[in-house]
Amino acid sequence: MDNKTAFVDVLYDQLKDHLDKSKLNSMIEKPKKESMGDLAFPCFELAKVYRKSPQNIALELTKEMTLPNLFQNVEAVNGYVNVFLNKEEVSSYTIQKALSKKENYGNVNIGNKGVITIDFSSPNIAKPFSMGHLRSTVIGNALARISEKCGYNAIRINHLGDWGTQFGKLIVAYTLWGDEQKVKENPIKELLKLYVRFHEAAEQDEKLNDKGRQWFKKLEDGDERALELWSWFREESLQEFTKIYELLGVNFDSTHGEAFYNDKMDRVIQLLEEKKLLKESDQAKVVEIDDDLPPCLIKKRDGTTLYATRDLAAAIYRQDTYKFVRSLYVVGNEQTLHFKQLFLVLEKMGYKWHKGLKHVAFGMMLKDGKKMSTRKGKVVLLEDVLNDAITLAKNNIVEKNPTLDSKDNVARQVGTGAVIFHDLKNYRLNDIEFSLEDMLRFEGETGPYVQYTHARASSILRKGDYQESNDDVNISDVEAWSIIINLLDFPDAIKRAYEGSDPSQIAKYVLELAKAFNKYYGSVRILDDKEHKQSRLSLVHSVQIVLNEGLRLLGIEAPNEM
RNA sequence: GUCCCAGUAGCUCAGCUGGAUAGAGCAACAGCCUUCUAAGCUGUGGGUCGGGAGUUCGAAUCUCUCCUGGGACGCCA
């Protein structure tokens, strides 16, 4: 069985008078260094009970211990009881497990086929897909895949920002300065220019903002010309976004944006009124939330609705259509308050499913220590960054592997891999200072490093004419042990990533495994020794499988050659 | 002003529910390709874990306080 439970059983034998199994289980830790063993039990807490020094307790425990086959050795060091796993047995068991389960290795069934909706990416129509939206897109995509790996049925929702006063402003700008031909040729960049120009002009002329609001009112009232322009901008934007999603390998089950909920908000307001939750305050309608939070604004003084109203309608709609057990919102850090309010309002409305809602926040993409601003045109376009990355990857390939087929495809995989990995490798709540240089780095702890390791493993399997077999795996290389430990840890890494909604757990995992493999590769000639070749290739194959699967969970492809 | 998040090596960051001499990568320097992909491997140097106090056998980790940076705080999304 599980190594840890086996160790608990051994300890329980001697310590049952003072500690129960679950307590023991929580006390066991992983030693800092591999040389100290595989599992450790600290004896410091027992010092008081036994009135002896931790060192002596460890020594006595060790002396009296009867080890099952799973363990090879036990040592008492500095007040710790350290056990060493039986390397050959564990190695063979782990490799065979990975080989037999293939890409299903590491699956953990937490979800039981329940539905999890994931609201992510959600760019604003008629604005460029900026670096800021990259974060939500790649984090959400990874979480969807991780959730599926954990047995959930993931529904990917792109909650497009396709409604609001901004469209009124854009229509004003277009009617004043727009050129149909230019917009058709290069929709996003032209629309951005118009948007920026509008804000510059509005600083001089306040009346422009009023005009914008008027046009938005027309849009809400169903004015034909306004709707025509709106749906044109929406279509063009969507096409641009699709290009980026294809490049990144991201897809959605629903692209209902905010506009979709226009006719679903009356019901929400009605429900709120029925439950007597709606209060008037400064001529606006709000829901008051106890605690210390400010009230949630539902309706403006002029009777129009807000972001929160639409999000309420969306949450209810999603529960009705998908019957989700969990629902994630992958939206920036700065909206924490909004989601706290939203969830509390839903709780007050009596929806039990509010417990499954979670705001998966992330830090901002900063430029010179500050937030990037679309209004001032200070944006970095994701498409440009991706294209830079792909070009750089291509240059590398031409230089390093000139005979490679399908250079363009591999360049795409490696370039986007670098950008995605750079975003996912650190904890999501950290802010990221935008740095093209960092993002396009292909050496060290990067996506291409992991991809390269995968390609190396694939290459060796090709060169060694690897055939799968059911023969016993027998690994005796000491250098292989850290690979085995990492392979063993894969399911736990997935669990950590899911539970913390934290893709960086997978990124870190995959880096550790790649490092361990490269170290092994540097010290052991895998194909030279006929006797060990098949076992070693089995090890290489397990690594290849797990790297491939780990990268896939992050939304990164793993080329077999690069 | 109130609330939230962060402060670890020159830079970017790990460090799980407190535990053994604080770890990586980048950058710097020194090595390793007639032999499995050098996008790799090996080695060297570099840290008062923002400051102070407390809890504890033990604190980068928990509590308090101060400093610094960022963010949010009703008619935007």
Side-chain angles (χ1 to χ4, degrees), chain A residues 26-27 29-33 36 40 42 44-45 47-48 53-54 77-80 82 122 124 161 163-166 258 281-286 292-302 304-308 310-311 331-338 340-341 361 363-364 366 369-371 393 396-397 399-401 404 414 418 422 425-427 429-433 435 437-438 441-453 455-464 492 496 499-500 504-505 508 511-512 514-515 518-528 536 540 561-562:
Chain A
S26 72
M27 285 171 78
E29 44 191 80
K30 209 172 153 188
K32 284 204 146 178
K33 288 184 184 168
M36 297 191 278
F44 307 99
E45 278 183 50
K48 266 189 203 158
S53 74
V77 189
N78 294 336
Y80 285 88
N82 294 337
S122 312
N124 291 321
W163 206 247
T165 317
Q166 51 184 334
E258 292 185 68
S281 163
D282 281 337
Q283 296 163 354
K285 297 268 168 87
V286 303
D292 300 316
L293 296 176
C296 179
L297 203 60
I298 302 292
K299 239 181 176 181
K300 289 189 258 186
R301 203 172 307 170
D302 64 6
T304 54
T305 54
L306 288 125
Y307 186 40
R310 280 190 280 277
D311 266 358
V331 183
N333 211 353
E334 64 272 22
Q335 294 193 34
T336 303
L337 178 61
H338 164 74
K340 264 190 196 160
Q341 292 178 322
M364 291 187 294
L366 302 174
K370 283 179 192 152
K371 203 173 170 173
N396 276 328
I397 293 167
E399 184 193 325
K400 295 174 196 220
N401 197 352
L404 181 68
V414 174
H422 176 261
K425 83 171 164 183
N426 293 136
Y427 184 53
L429 246 15
N430 297 352
D431 288 342
I432 298 182
E433 170 69 27
S435 156
E437 199 189 331
D438 283 353
R441 194 157 272 157
F442 290 178
E443 286 155 27
E445 297 177 325
T446 64
Y449 171 79
V450 181
Q451 289 172 313
Y452 176 76
T453 311
R456 250 186 170 178
S458 305
S459 162
I460 232 174
L461 293 174
R462 280 195 305 272
K463 290 249 161 78
D492 284 331
R496 286 198 297 274
E499 278 162 4
S504 77
Q505 291 300 327
K508 280 163 201 150
L511 274 176
E512 287 310 308
K515 276 188 208 176
N518 280 323
K519 198 165 188 171
Y520 178 74
Y521 184 94
S523 62
V524 176
R525 307 239 85 225
I526 295 162
L527 299 176
D528 286 0
R536 284 174 174 167
V540 174
E561 294 178 75
M562 63 185 267

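To find a chain, count down the sequence lines: A is the first, B the second, and so on, and within it residues start at 1.
One P atom belongs to B:U2, the other to B:C66, and the distance between them is 10 Å to the nearest Å. Between the C1' atoms of B:G46 and B:A30, the separation comes to 16 Å (whole Å). The gap from the P atom of B:G47 to that of B:C62 amounts to 25 Å, rounded to the nearest Å. Between B:A22 and B:G69, the distance separating the two C1' atoms is 24 Å to the nearest Å. A distance of about 35 Å separates the C1' atoms of B:A77 and B:A14, rounded to the whole Å. Nucleotides B:C16 and B:C57, compared at atom P, are 22 Å apart to the nearest Å. Taking atom P in both B:C5 and B:U17, the straight-line distance is 15 Å, to the nearest Å. Remark: the separation of the P atoms in B:C3 and B:C64 is 12 Å, to the nearest Å.
Between the side chain of A:Ser459 and the main chain of A:Ala455, no donor-acceptor pair closer than 3.5 Å is present. Between the side chain of A:Glu258 and the main chain of A:Tyr307, no donor-acceptor pair closer than 3.5 Å is present. With hydrogens and angles ignored, the 3.5 Å screen pairs a side-chain donor or acceptor of A:Asn401 with a backbone N or O of A:Met562. With A:Asp431 contributing its side chain and A:Met364 its backbone, the two residues share a donor-acceptor pair below 3.5 Å.
As the counterpart of B:A9, no nucleotide is assigned, since no Watson-Crick or G-U wobble pattern has both distances under 3.5 Å. A 3.5 Å limit on both hydrogen-bonding distances identifies B:U44 as the Watson-Crick or G-U partner of B:A28. In this structure, B:G1 forms a base pair with B:C73, meeting either the Watson-Crick or the G-U wobble geometry with both donor-acceptor distances under 3.5 Å. Checking B:G18 for Watson-Crick or G-U wobble geometry (two distances, each under 3.5 Å) identifies no partner in any strand. Base pairing analysis places B:C62 opposite B:G54; the two distances defining the Watson-Crick or G-U wobble pair are each below 3.5 Å. When Watson-Crick and G-U wobble pairs are counted only if both distances are under 3.5 Å, B:C49 pairs with no nucleotide at all. In this structure B:U37 sits in no base pair that meets the Watson-Crick or G-U test at under 3.5 Å.
Across A:Val286 and A:Ser281, no two heavy atoms sit closer than the pair CG2-CB, 4.0 Å. Annotation for A:Asp282 and A:Arg301: closest pair O-NE, 3.6 Å, computed over non-hydrogen atoms. Across every non-hydrogen atom of A:Arg310 and A:Trp163, the tightest pair is NH1-CD1, 4.0 Å. Between A:Phe44 and A:Asn78, the shortest heavy-atom distance links the atoms CZ-O, 3.7 Å.
Protein atom CG of A:Asn78 is 14 Å distant from nucleotide atom C1' of B:C57, rounded to whole Å. The CG atom of A:Leu297 sits 12 Å away from the P atom of B:C73 (whole-angstrom rounding). Atom CD of A:Glu433 is separated from atom P of B:C13 by 9 Å (rounded to the nearest Å). The nearest whole Å value for the distance from the CD atom in A:Glu445 to the P atom in B:A24 is 10 Å. In this structure, A:Arg462 places its CZ atom 8 Å from P of B:U37, rounding to the nearest Å. What separates CG of A:Leu337 from P of B:C3 is a distance of 14 Å, to the nearest Å. Separating the CE atom of A:Met27 from the C1' atom of B:G58 is a distance of 13 Å, rounded to the nearest angstrom. Distance A:Tyr449 OH to B:C13 C1': 16 Å, rounded to the nearest Å.
At B:A39, none of the side-chain N or O atoms of A:Arg441 fall inside 4.0 Å of OP1 or OP2 (strictly under the cut-off). Under 4.0 angstrom from either OP1 or OP2 of B:A6 there lies no side-chain N or O belonging to A:Tyr427. OP1 or OP2 of B:U42 sits under 4.0 Å from a side-chain N or O of A:Lys519. The shortest distance between the side-chain N/O atoms of A:Lys400 and the OP1/OP2 oxygens of B:G40 is not below 4.0 Å. The side chain of A:Arg456 contributes no N or O atom lying less than 4.0 Å from OP1 or OP2 of B:G40. In this model, the phosphate group of B:C73 is not approached by any side-chain N or O of A:Lys340 to a distance below 4.0 Å at OP1 or OP2.
With contacts defined as side-chain heavy-atom distances shorter than 4.5 Å, the pair A:His338/A:Asp311 qualifies.
Among the protein residues, A:Asp438 comes within range of no part of the nucleic acid, since none of its heavy atoms lies under 4.0 Å from any strand. Within the nucleic acid shown, A:Gln335 comes within 4.0 Å of at least one base atom, counting heavy atoms only. At the heavy-atom level, A:Lys30 lies nowhere under 4.0 Å from the strands shown. Contacts of A:Asp492 with the nucleic acid, taken as non-hydrogen atoms under 4.0 Å apart, are absent. When heavy atoms are screened at a 4.0 angstrom cut-off, A:Glu561 is found touching base atoms of the nucleic acid. Heavy atoms of A:Ser281 sit under 4.0 angstrom from at least one base atom. Heavy atoms of A:Met364 sit under 4.0 angstrom from primed sugar atoms or phosphate atoms, though from no base atom. A:Ala47 comes within 4.0 angstrom of nothing in the nucleic acid, heavy atoms only. Nucleic acid contact class of A:Ile397 (heavy atoms, under 4.0 Å, all strands): base.
The side chain of A:Ile460 approaches B:C36 more closely than any other nucleotide in the set B:G25, B:A39, B:C36. Here the nucleotide nearest the side chain of A:Arg525, chosen from B:U35, B:A39, B:A77, is B:U35. Checked against B:U12, B:C36, B:A39, the side chain of A:Pro448 finds its nearest nucleotide in B:A39. Considering only side-chain atoms of A:Gln505, the nucleotide from B:A22, B:G15, B:G40 that sits closest is B:G15. Of all nucleotides listed (B:G70, B:G40, B:C76), B:G40 comes nearest to the side chain of A:Glu443. Considering only side-chain atoms of A:Tyr521, the nucleotide from B:U37, B:C13, B:A77 that sits closest is B:U37. Closest to the A:Phe442 side chain, of the nucleotides B:G74, B:C57, B:A39, is B:A39. Taking only side-chain atoms of A:Glu334, from C-beta outward, the nucleotide of B:U37, B:A20, B:G71 with the closest atom is B:G71. In the set B:C13, B:U37, B:C75, the nucleotide with an atom closest to the side chain of A:Ala455 is B:U37. For A:Val414, counting side-chain heavy atoms from C-beta on, the closest listed nucleotide (B:C36, B:U37, B:A39) is B:A39.
For the pair A:Asn430 and A:Thr453, both in contact range of RNA chain B, the more 5′-proximal nearest nucleotide belongs to A:Asn430. Mapping A:Lys48 and A:Gln283 onto RNA chain B by nearest heavy atom places A:Lys48 at the nucleotide closer to the 5' end.
Not a single donor-acceptor contact under 3.5 angstrom links the side-chain atoms of A:Asn518 to the base of B:A38. Not a single donor-acceptor contact under 3.5 angstrom links the side-chain atoms of A:Thr446 to the base of B:G25.
Because its glycosidic torsion is more than 90° from 0, B:C29 is reported here as anti.
Interatomic distance, CD1 of A:Ile432 versus NE2 of A:His422, reported as 6.0 Å (0.5 Å rounding).
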